[in-house]
> 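Starting off with a structure, shown below.
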Amino acid sequence: MCGIVAYIGSKPARGLLLEGLKRLEYRGYDSAGVAMLNGGMHVARTMGRVSGLEELVHKDEQFNGTIGIAHTRWATHGEPSERNAHPQGDDAKNGYGIQVVHNGIIENYSSLKQYLKDKGHAFTSETDTEVLAHLIGELYDGDLETAVQSALREVTGAYAIAVLCEKEPDVMVVARKGSPLIVGVGKDEYVVSSDSSAIVAHTTQAFLLDDETVARLTRDSFRTTTVENVELTPEIQELEYTLEQIELGDFEHFMLKEIYEQPATLRICMQGRVDAVDGKIILGGVADFEEDLAKAKRVLLLGQGTALHAAMIGEYLFEGLAGIPTEVEFASEFRYRNPIVEEGTIAIAVSQSGETADTYAAIQEAKRRGAMTLGAVNVVGSTISRETDAGVYLRVGPEIGVASTKAFIGQVAVLTMLATYVGRRHHLAGEDMLDALNSLEQIPDHIETVLKQSDHILKVTRGVVNRDNWLFLGRGTNYPVALEGALKLKEISYIHAEGMPAAEMKHGPISLIDKGMPVVIVATKGSQYEKVIGNMEEVRSRGGHVIAVATEGDSEIQSHCDDVIFVPDVPEPLQPLLTVVPLQLIAYHAAVLRGKDVDKPRNLAKSVTVE
Ligand code: G6P
């Protein structure tokens, strides 16, 4: 998704901005640009990679300034092109040398564009951002802050922006609504970004801009106001993530690093929350709502992508452990239905970033209809985490790889803890709770056991990596795992894959199976084991190549499949925390074997902040 980095201070801004943009590359983008004030306004934009932008500006003396704004764009209005890249400026002839970088979407841009055209403005791009730049120019009367405030009062939609003006070479104005923006505070300098990873190299002190808030920055001062010009006092906080955490270390790719981090991050996620000795779950983030949770009659789980798959596992957990009727739904569908939200409904938004536009809108809709809202979110201070009544953070640290892995484990773990917590206040017997917690505490060690088989998984993957169509099958809690396995493979290796409940295969997809087609089947010991074995035979008899994920010690399985990857034996509700790991590794190895850019898959964004 689009990324913003901006700097005002006494250091050369060029290197700092480019380095910041590189840190945001993982979010996905198609073009990049920079504007700098240095005895005039200087702008460079390019299609493609930040390294291309670097080539454009690195020898150019004009870009030697100490105040600048930079951007990576992921096209929403207008095709990816140099012309549509940011920064976008105001009117070339009659303007004031205003330049804007923008994340989000200005929804009423076409009516604003018409209004500006009627006033004689000429546009050079198809972007909504250029309209905003022109509007700021139109309203400019010698003070950039006032012009930005006035312009933002006219726009509807979402934005995070950074603005420069040639007439005020020592001022930067930034603002946000519905799209994140953080202002890092250094000594006589400010680093602004849509993502803390671009800031922590310079300062760990920062303030988050609230919705519809504007900040005017000079080298040694800042002032924040609402768009109505009411002065505010933001709270400066310590940024959570250290630079070390976001660097790659010895791993070749962030995705692999994050897969290997899963045991450690899961331990952190459960630390102080799971007390297997006294049989207790302690969740500080929802403690004030214990009574509401005890009275819950219905649970509604909302998310997109990987988060939705975690939510689907949550459905089994809330129904199985807590005995509460539970529904799970794509947030994007829920928000546009006319959903019936009964009294006593708890709506849970599941999201790594806490910024996914559909998930945010859906949880707001649930709230409007009377639900109590919770967030199962990773990014502290993100929009969803702030807008829900309460929540439980995933605590898995920053996830850089576009394909989500450790966040999935965190989401499933948080939903397991929540279901157990709520369940104990409903029907879950103390003894069963104790068993569940004991097993949960051992999961990180078990994940380590699975990770040790990476070489074996590589070998298995190599055997089938040239095949372009795969199936992933599972039953019960392992059905969403099958969906997740297929999604991972699609995302990073571009192999076509379908995930489905194992029984569904017979209703159509079985016709696809031909000699050697890879079919990955989660066939761990549990209530549906025999049935899954039946499905494996159906695949094998049609020549499919079966890769089974099975329970350690299952001596029978080998006779039903071509390859097997074993995972430790754990109770059924907790199996997804283990069975997903071999599927993550299959996808990773397949992408590397096919020579794909694992951390920056084509067309994908880490955080989808538009509908
Ligand atoms: C994008 C990402 C996925 C992620 C989904 C939901 O599609 O590429 O990895 O699962 O958004 O994101 P969220 O931040 O809400 O978990």
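Order of listing sets the numbers, starting from 1, for every ligand and every atom in it. In what follows, every heavy atom counts, from backbone to side chain, and hydrogens, waters and symmetry copies are set aside.
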> What I want to check is whether the side chains of His589 and Thr461 have a donor and an acceptor closer together than 3.5 Å.
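No - no donor-acceptor pair under 3.5 Å links their side chains.
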
> What residue and heavy atom of the protein are closest to atom 7 (O) of ligand 1, and at what distance?
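Scanning the protein heavy atoms, the shortest distance from atom 7 (O) of ligand 1 goes to Val608 CG2, 3.9 Å.
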
> Ala307 heavy atoms, cut-off 4.0 Å: which ligand 1 atoms fall inside?
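Per the distance check, 10 (O), 16 (O).
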
> Tell me, which protein residue and heavy-atom name are nearest atom 5 (C) of ligand 1, and how many Å apart are they?
Gln304 O, 3.8 Å

> Among all protein heavy atoms, pick the one closest to atom 16 (O) of ligand 1 and tell me residue, atom and distance.
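Protein heavy atom with the smallest distance to atom 16 (O) of ligand 1: Gln352 N, 2.6 Å.
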
> Relative to the heavy atoms of Ser353, which atoms of ligand 1 are at a distance of less than 4.0 Å?
13 (P), 14 (O), 15 (O)

> Would you say Glu261's side chain and Lys406's backbone share a donor-acceptor pair under 3.5 angstrom?
no

> What are the atoms of ligand 1, with element, lying closer than 4.0 Å to any heavy atom of Ser351?
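Atoms satisfying the 4.0 Å criterion: 13 (P), 14 (O), 15 (O), 16 (O).
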
> Treating Asn378 as the side-chain partner and Gly354 as the backbone partner, does any N or O pair qualify as donor plus acceptor under 3.5 Å?
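Answer holds: no.
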
> Is the shortest side-chain N to carboxylate O distance from Glu448 to Arg267 below 4.0 Å?
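Salt bridge between Glu448 and Arg267, a charged N being under 4.0 Å from a carboxylate O: yes.
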
> Numbering the atoms of ligand 1 from 1, which are under 4.0 Å from a heavy atom of Ser404?
9 (O)

> Could you check atom 11 (O) of ligand 1 against the protein and tell me its nearest heavy-atom contact, residue, atom and distance included?
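So the nearest neighbour among protein heavy atoms is Lys606 O, 4.0 Å.
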
> Do Gln304 and Thr359 get their side chains close enough for a donor-acceptor pair, meaning under 3.5 Å?
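No donor-acceptor contact under 3.5 Å links the two side chains.
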
> If you measure only the distance, is there a donor-acceptor pair under 3.5 Å linking the side chains of Gln575 and Thr524?
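Checked: Gln575/Thr524 side chains pair up, N/O donor to acceptor below 3.5 Å.
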
> Thinking salt bridges, do Glu19 and Lys22 make one under a 4.0 Å N-O criterion?
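No salt bridge links Glu19 with Lys22.
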
> Between ligand 1 and Thr306, is the shortest N or O to N or O distance under 3.5 Å?
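By distance alone, the answer is yes.
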
> Of the protein's non-hydrogen atoms, which lies at the shortest distance from atom 3 (C) of ligand 1, and what is that distance?
Glu491 OE2, 4.3 Å

> If we only consider heavy atoms of Val402, is any one of them less than 4.0 Å away from an atom in ligand 1?
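It does; at least one heavy atom falls under 4.0 Å.
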
> Within 45° of the six-membered ring axis of Tyr494 and under 6.0 Å from that ring's centre, is NZ or CZ of Arg594 located there?
no

> Name the closest protein heavy atom to atom 12 (O) of ligand 1, giving the residue it belongs to and the distance to 0.1 Å.
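Ranked first by proximity to atom 12 (O) of ligand 1 is Thr356 OG1, 3.3 Å.
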
> Distance to 0.1 Å, residue and atom name: give those for the protein heavy atom nearest to atom 1 (C) of ligand 1.
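Here the nearest protein heavy atom works out to Ala605 O, 3.6 Å.
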
> Side chains of Lys488 and Thr306: is there a donor and an acceptor less than 3.5 Å apart?
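Judged by distance alone, the side chains do pair up.
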
